Amino acid sequence: MESQIKQILEENSELLFGTTIDSKIIQFQKTRKDVEGDLTLVIFPFVKALRCSPEEAGNKIGTFIQEKMSYISHYNVVSGFLNFIISSDYWLSELDKIDKNPSYGFETPNSKPTIMVEYSSPNTNKPLHLGHLRNNFLGYSVAEILKANGHKVIKSQIINDRGIHICKSMLAWEKFSPINEKGERETPINTGLKGDKLVGKYYVEFDKQFNAEANSIIEQWNKGDVDDFSDKTVAEYIRLTESKVGKDEKATKGIDDKIKDLAKNETSLLREAKDMLVKWEARDPQTYLLWTTMNSWVYEGFSSTYKSMGVDFDKLYYESDTFVLGKDIVFEGIEKGVFFKKEDGSVWIDLTADGLDEKILLRSDGTTVYMTQDVGTAVDRYNDFPDLSGMIYTVGNEQDYHFKVLFLILKKLGYSWAENCSHLSYGMVDLPSGKMKSREGTVVDADDLMAEVVQSAKEMTQERGYLEGMTEEDKNDLFQLIGMGGLKYYLLKVDPKKRMMFDPAESIELNGNTGPFIQYAHARIKSLLARGGDLKSLNAKELEASEKEVIKLLVEYPSIIQEAGKELSPAVICNYIFELVKTYNQFYQNIPILIEEVEELKNMRLVLSKNIAKVIVSSMSLLGVRVPERM
RNA sequence: GGUUCCGUAGCUCAGCUGGAUAGAGCAGCUCACUUCUAAUGAGCAGGUCUUUGGUUCGAAUCCAAACGGGAUCACCA
């Protein structure tokens, strides 16, 4: 409709305006709710060309368009805005088209280039938490949205299964796990703990012991007992301590943190963890066995968590595989002159010319860092899928800098596809009580939270649901569907880029802008349709205002999917579906459907409802949310 | 301090490629179930869109500065 009007204006611009017009000045917008009209053209930009008042200009253009387009029944001009009223015929014919298209809003599958979407990518040293939920739901949803836009999508994750953090858990387990009467240390089997939880427990234990050791070193320093430490360290300690004099509380705390870091570097625990990493990279059999065992525990735990989340992956990458490639690339890069070596053997890239810093790629002991692995992983992926037209990394915005550097390094290494990589950077999830810190144990565990929302959905549904005749199994599935639907919708409805507040009480809320609100509307429509009998083809002639409003929104659906794809934002879908359901509910509440006596009207209202249900199911599927037949 | 993101109703968020009187949800106060699922709908109340300047016929939206908040600037990942 808009493009038709635009075309008419452009083709007849000489006639209307006496000059050719810039297509940019043709601006449409939705008509305000309190003004009569379905589509609004902004008149101000034309006023100059026409040299008359906005009122006259609007009338001139309005009359002209109305003559050319039969679907426009009339128009009005209000303070510089030309409002077209589009006839019921048009909306009914649109509804008919929508009704006949089972995959309405979706592009032909696999008709566009392949994109890889990476998400989740956890460390294997601790369980998944609330932040991972946002990440997973977001990544999964963006993948679905891109598919709906016609792209072939490969869902992938990189599992950070190596590195110093894993060694910390391994070391703590070896050192601190109690031995039972059978002579075994703790395992998921003999403790009944989920594997990821058990390993996480030892990561926390490491940190606890590590801090204790660092504190005792500081105490030692404070007493003046410095014989066991290098002159350099001692000098740094003295310098920091002296710099505290006369500083305010905040600055003093900052310096204390630095002293703590200094002390941490001197702990035997960290030294042992580092030794372990070196042994691991050298494929020491015992270390490797321990690593394999503990990782397998974690994978088992993760896989059950992913199942509850309802997410999956097409292709997994492991850092333990890709870091070697990363290392090779670094060596090549040195020869190409992209990287350089410092005296102590560490390898760096100088990005100061690009406004960034120097970045390390290999430590002086030859082991790799995060960046090295990511370089390797990226190259590995393009080797596996040479036709990738894009790669999207779903990673928190605290890593904005990392990805900026990563993409720049790839570019400098001469990979032409580097510019197709993008970072889907999302904001942190805050709790009302403050920030989550995994080391301090103030996290919201993903498994616990999911269990909680499902439990809450269960209580609520038992209280007010329509469950007669359902099997226990179906009921449990329904509770799962509602609880998870609520949680996913809650986490996805906020613009991904923004930091968001997670209120546990609100996340299990079922009224207002929530997943269950939308699921409920669907169940209600299904109940209508079940009683409505067979549907006939549309033959109604007129539309009530509230019916027209609903159809208008339905018509927007394809463009919403496009926008969500362009913005990589499931929130766009959420906002749309909420608006659609709200508008439908107004219609539902005010207009009789089954009890309507005029057959054409009843039939049309049922067809309309059916298509609302269709769009609810399809748009919710883009969020990874299932929708019940009844609730 | 450098870089970067953010600041809209009591709370949580939409709106931001400039356009009409800035919108939802929650919380508060009314009202509507003998009628299709009330997990709903209708209404009331709630705003100097952080501030100041600029661009423009027109600014929550663009630009600049200030103030306030977050992230980041590791031989952690």
Side-chain angles (χ1 to χ4, degrees), chain A residues 24 27 29 31-35 40 42-45 47-48 54 78-81 83 121 123 125 160 162-166 168 261 265 274 319 342 344-348 355-357 359-365 367-371 373-374 396-402 404 425 427-428 430 432 435 457 460-461 463-466 482 490 493-495 497-503 505-506 509-514 516-521 523-532 571-572 574-575 578-579 582 585-596 602 605-606 609 630-631:
Chain A
K24 263 189 275 181
Q27 294 167 25
Q29 55 183 283
T31 307
R32 282 180 60 95
K33 285 223 170 69
D34 48 0
V35 175
T40 295
V42 185
I43 293 300
F44 297 104
V47 170
K48 266 184 196 162
V78 184
S79 56
F81 296 90
N83 306 305
S121 304
N123 292 336
N125 62 333
N160 302 301
R162 47 141 278 133
I164 190 83
H165 56 294
I166 316 295
K168 288 178 179 175
D261 286 344
N265 266 321
K274 280 181 173 168
E319 249 172 33
K342 287 197 178 174
D344 60 4
S346 56
V347 178
W348 297 74
L356 305 170
D357 298 314
K359 189 80 191 173
I360 189 160
L361 283 125
L362 282 181
R363 296 192 188 96
S364 48
D365 63 7
T367 56
T368 60
V369 293
Y370 185 31
M371 189 59 77
Q373 291 143 190
D374 270 5
N397 64 9
E398 70 272 17
Q399 296 196 30
D400 285 354
Y401 182 73
H402 172 79
K404 212 167 150 184
S425 160
M428 202 177 277
D430 284 321
K435 217 174 129 172
M460 221 51 179
T461 307
E463 195 183 309
R464 20 181 155 164
Y466 294 74
I482 295 174
Y490 184 86
K493 73 180 173 185
V494 180
D495 182 347
K497 292 193 292 290
K498 288 193 179 169
R499 193 186 177 89
M500 72 176 286
M501 176 64 73
F502 181 86
D503 184 340
E506 210 182 293
E509 184 61 54
L510 310 174
N511 308 320
N513 188 359
T514 65
F517 170 85
I518 290 154
Q519 291 172 323
Y520 178 74
R524 208 160 56 169
I525 293 173
K526 283 294 170 172
S527 165
L528 268 187
L529 294 175
R531 293 162 189 243
V572 170
C574 291
N575 290 337
F578 178 57
E579 183 72 28
K582 229 175 10 158
N585 282 348
Q586 286 165 15
F587 154 78
Y588 176 92
Q589 202 76 213
N590 294 315
I591 306 243
I593 300 171
L594 291 179
I595 48 184
E596 170 62 53
K602 176 178 164 186
R605 287 169 193 163
L606 284 169
S609 300
R630 46 191 287 208
M631 68 188 273

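Just the heavy atoms: all of them, side chains too, but no hydrogens, waters or symmetry mates, feed the values below. Here is how names work: the chains are called A, B, and so on, in the same order as the sequence lines, proteins then strands, and each is numbered from 1. Every value quoted in this text rests on a predicted model; they were computed, and no experiment measured them.
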What nitrogen or oxygen pairs link the protein and nucleotides 20-23 of chain B at under 3.5 Å?
from	atom 1	to	atom 2	distance (Å)
B/A20	O2'	A/Arg32	NE	3.4
B/A20	O2'	A/Arg32	NH1	3.3
B/A20	N6	A/Thr40	OG1	3.1
B/A20	N6	A/Asn83	OD1	3.2

Quick one: which protein N/O atoms are closer than 3.5 Å to N/O atoms of nucleotides 42-44 of chain B? Pair and distance per line, please.
from	atom 1	to	atom 2	distance (Å)
B/A42	OP1	A/Gln586	NE2	3.2

Protein and nucleotides 59-62 of chain B: nitrogen or oxygen contacts under 3.5 angstrom:
none

All N/O contacts under 3.5 Å from nucleotides 11-17 of chain B to the protein, with atom names and distances to one decimal?
from	atom 1	to	atom 2	distance (Å)
B/C13	OP1	A/Met501	N	2.5
B/A14	OP1	A/Asp495	N	2.8
B/A14	OP2	A/Lys498	NZ	3.1
B/A14	O2'	A/Asn575	ND2	3.4

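Not one side-chain nitrogen or oxygen of A/Arg605 sits closer than 4.0 Å to the OP1 or OP2 atom of B/C36. For B/U72, neither phosphate oxygen OP1 nor OP2 lies less than 4.0 angstrom from any side-chain nitrogen or oxygen of A/Tyr401. Considering only side-chain N and O atoms, A/Arg162 lies nowhere under 4.0 angstrom from the phosphate OP1 or OP2 of B/A77.
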Reading RNA chain B 5' to 3', what string of ( ), [ ], | and . shows its pairs, if Watson-Crick and G-U wobble pairs count only when both distances fall under 3.5 Å?
-> (((((((..((((.....[...)))).(((((.......))))).....(((((..]....))))))))))))....
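Checked against salt bridge (charged side-chain N to carboxylate O under 4.0 Å, His left out), A/Asp400 has no partners two or more places apart in sequence or in another chain.
Residue contacts for A/Gln399: at a heavy-atom cut-off of 4.0 Å it reaches a base atom on one of the strands shown.
Side-chain N or O atoms of A/Asp503 include none that pairs as donor or acceptor with a backbone N or O of A/Pro432 at under 3.5 Å. Between the side chain of A/Arg363 and the main chain of A/Ser346, no donor-acceptor pair closer than 3.5 Å is present.
Each of B/U40, B/U72, B/C36 was ranked by its minimum atom distance to the side chain of A/Tyr588; first place goes to B/C36.
The residue among A/Asn123 and A/Asp400 whose nearest nucleotide of RNA chain B is located toward the 5' end is A/Asp400.
In this structure, A/Phe44 does not count as stacked on the base of B/G58 under the 5.5 Å centre distance and 30° plane angle limits.
Contact record, A/Val47 with A/Pro54: CG2-CA, 3.8 Å, taken as the closest heavy-atom pair.
With salt bridges taken as basic N to acidic carboxylate O contacts below 4.0 Å, one links A/Asp34 and A/Arg32.
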